*Asks:* 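Just dropping this structure here.
In this chain, numbering begins with 1 at the start of the sequence shown. Keep in mind that this is a model prediction, so the values were computed, not measured. Whatever order the structure lists them in is the order used to number ligands and atoms, beginning at 1.
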Amino acid sequence: MGNSSASIQLVLLITLSGILSLKTIQLGLCSADHYVGCIYIERKALLMLKQGLTDPSDRLSSWVGEDCCEWSGVGCNNITRRVNMLDLCNRDGYADEATDHAFGGEINPSLLVLKDLAYLDLSMNNFGSVQLPSFIGSLEKLKYLNLSGASFGGIIPPNIGNLSELLCLDLSENIIEPIENDLQWLATLSSLKYLNFEGVNLPKATSYWLPTVSMLPSLVELHFPFCGLSILPLTLPSINFTSLLVLDLSYNSFNSMIPPWLFNLTKLEMLDLTDNSLTGKLPDSLGYLKSLRYLDLSDNSFQGSIPKSIGNLKSLEEFYLGSNQKTVHYT
Ligand SMILES: *[C@@H]1O[C@H](CO)[C@@H](O)[C@H](O)[C@H]1NC(C)=O
Ligand SMILES: *[C@@H]1O[C@H](CO)[C@@H](O)[C@H](O)[C@H]1NC(C)=O
Ligand SMILES: *[C@@H]1O[C@H](CO)[C@@H](O)[C@H](O)[C@H]1NC(C)=O
Ligand SMILES: *[C@@H]1O[C@H](CO)[C@@H](O)[C@H](O)[C@H]1NC(C)=O
Ligand SMILES: *[C@@H]1O[C@H](CO)[C@@H](O)[C@H](O)[C@H]1NC(C)=O
């Protein structure tokens, strides 16, 4: 009797302590879940980056403490805890006091420590026309690179062409010098869906920019306005960019007819050719672009009448044709 109750107590004790130690383990796991932290060398790399940047309004004041995944603008993979996103966009960039919040200074190559970095946004800062450091081309995992309005100068380093996983490249409104820019490196970015060169002066690339981008098979949006381009070739060796939905070639100096290959881009929803010197009659083939919602042909030198086929464009919501030759008229 005494023996059996002792053994029951023993069993209870063992069970209880079992439960307790399970509880302890669970608590341990729980607290490990809470305190996940970030990778030490990645934190050090971010601190070196911070050190190189000028930050007049102290936007990086949260970059202290152990867990760099909690710092503002830093994103981590929630399982590996590696930094995969760096959003340093100056969101006040369009305001009057923009420069008060802009980062400047040096982009430390310590960035290369962030091996899983997939998203890098430096837009609307002011890097004072220094050249974009070429080590950016070694951030192999980059999918999103936004340098819009970041005031980089010099040439675009050709080794950006090594970023084979890049889906989105926005270089718009940078101050990039006209003379030496070469765009051959674009040819290798075969995953690109979005490409924006707005305001980047590209006269040196005028003869081959289009044959190069027309090879990119995944492109959905292509923006080349204000690029100082003058040649819109009438034929192309190959038209691989047939997934294009948005094509913006406005504010250049194209002075030919509308090239026939344009009508192979039958998925186009937005076509902007405004403010060039395009000539000739508006072709009947415009009617092939059945998905068009927005069509801007204004400020060119088109002549003749508007083709009846425009009536086939059932999705068309906006159509601009102002400031062409006086003879353009509706039939
Ligand atoms: C981890 O991230 C993925 C994708 O970013 C998300 O769907 C998921 O909910 C996250 N898990 C936790 C526990 O936050
Ligand atoms: C890049 O950044 C600019 C300015 O912050 C923003 O307006 C633009 O939409 C971004 N581009 C892309 C493709 O996300
Ligand atoms: C990156 O690109 C440059 C210039 O295009 C090239 O010389 C270099 O070999 C490339 N590096 C790698 C690792 O592919
Ligand atoms: C482009 O298309 C041509 C023919 O349609 C094909 O031979 C070529 O491999 C394609 N190139 C790319 C980069 O997809
Ligand atoms: C453009 O489309 C036409 C017919 O729709 C086709 O015959 C032609 O081969 C295409 N051109 C190219 C370069 O793919």
*Asks:* Specify side chain, backbone, both or neither for Asn159, according to which of its non-hydrogen atoms lie closer than 4.0 Å to ligand 3.
*Replies:* both
*Asks:* Should the pair Glu221-Lys193 be classified as a salt bridge under the 4.0 Å nitrogen-to-oxygen rule?
*Replies:*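 Answer for the salt bridge query: no.
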*Asks:* Is the backbone of Ser134 close enough, under 3.5 Å, to the side chain of Asn159 for a donor and an acceptor to pair up by distance?
*Replies:* yes
*Asks:* Under a 4.0 angstrom heavy-atom cut-off, which atoms of ligand 2 come close to Asp170?
*Replies:* 1 (C), 8 (C), 10 (C), 11 (N), 12 (C), 13 (C)
*Asks:* Relative to the heavy atoms of Asn146, which atoms of ligand 2 are at a distance of less than 4.0 Å?
*Replies:*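 Those atoms are 1 (C), 2 (O), 3 (C), 8 (C), 10 (C), 11 (N), 12 (C), 14 (O).
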*Asks:* Going by the order shown, which atoms of ligand 2 are within less than 4.0 Å of some heavy atom of Ser123?
*Replies:*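 Checking each atom against Ser123, I get 2 (O), 4 (C), 5 (O).
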*Asks:* Would you kindly specify which portion of Cys168 sits under 4.0 Å from ligand 2, judged on non-hydrogen atoms: side chain, backbone, both or neither?
*Replies:* side chain
*Asks:* Give the ring-plane orientation class for Phe226 versus Tyr251, where under 30° counts as parallel, over 60° as perpendicular and anything between as tilted.
*Replies:* parallel
*Asks:* Can you list the atoms of ligand 3 that are under 4.0 Å from a heavy atom of Asn162?
*Replies:*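 By the 4.0 Å cutoff, the relevant atoms are 1 (C), 2 (O), 3 (C), 8 (C), 10 (C), 11 (N), 12 (C), 14 (O).
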*Asks:* Hey, could you give me the CZ/SG distance between Arg82 and Cys68, rounded to the nearest 0.5 Å?
*Replies:* 10.5 Å
*Asks:* Taking distance alone, with no angle check, do Tyr144 and ligand 2 share an N/O pair under 3.5 Å?
*Replies:*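 Yes: some nitrogen or oxygen of Tyr144 is under 3.5 Å from one in ligand 2.
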*Asks:* Please determine if Asp67 and Arg43 form a salt bridge, counting it only when a charged side-chain N lies under 4.0 Å from a carboxylate O.
*Replies:* no
*Asks:* Please indicate whether Tyr294 has more than 12 foreign heavy atoms, meaning atoms of other residues, nucleotides or ligands, lying under 6.0 Å from its OH.
*Replies:* yes
*Asks:* Angle class for the Trp209/Phe254 ring planes (parallel below 30°, perpendicular above 60°, tilted otherwise)?
*Replies:*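 Correct class here is parallel.
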*Asks:* Side-chain donor-acceptor contacts of residues 105-124 below 3.5 Å, not counting sequence neighbours, with atom names and distances?
*Replies:*
unit_1, atom_1, unit_2, atom_2, d
Asn108, OD1, Ser110, N, 2.8
Asn108, OD1, Ser110, OG, 3.4
Ser110, OG, Ala45, O, 2.9
Lys115, NZ, Leu112, O, 3.4
Asp116, OD1, Lys141, NZ, 3.2
Asp121, OD1, Ser123, N, 2.9
Asp121, OD1, Ser123, OG, 2.7

*Asks:* Would Cys89 count as a contact of ligand 2 if the rule is a heavy atom under 4.0 Å away?
*Replies:*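 Yes, that is the case, since the closest heavy atom of the residue is under 4.0 Å from the ligand.
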*Asks:* Between the protein and ligand 4, are there any N or O atom pairs that come within less than 3.5 Å of each other, and if so, what are their names and distances?
*Replies:*
unit_1, atom_1, unit_2, atom_2, d
ligand 4, 2 (O), Ser238, OG, 3.4
ligand 4, 2 (O), Asn240, OD1, 3.2
ligand 4, 2 (O), Asn240, ND2, 2.4
ligand 4, 11 (N), Asn240, ND2, 2.8
ligand 4, 14 (O), Asn240, ND2, 3.2

*Asks:* Describe, in one word, how the ring planes of Tyr194 and His223 are oriented to each other, choosing from parallel (under 30°), tilted (30 to 60°) and perpendicular (over 60°).
*Replies:* tilted
*Asks:* Take the SG atom of Cys69, take the SG atom of Cys76, and say whether they are under 2.5 Å apart.
*Replies:*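 Yes, because the SG atoms of Cys69 and Cys76 sit under 2.5 Å apart, which meets the disulfide cut-off.
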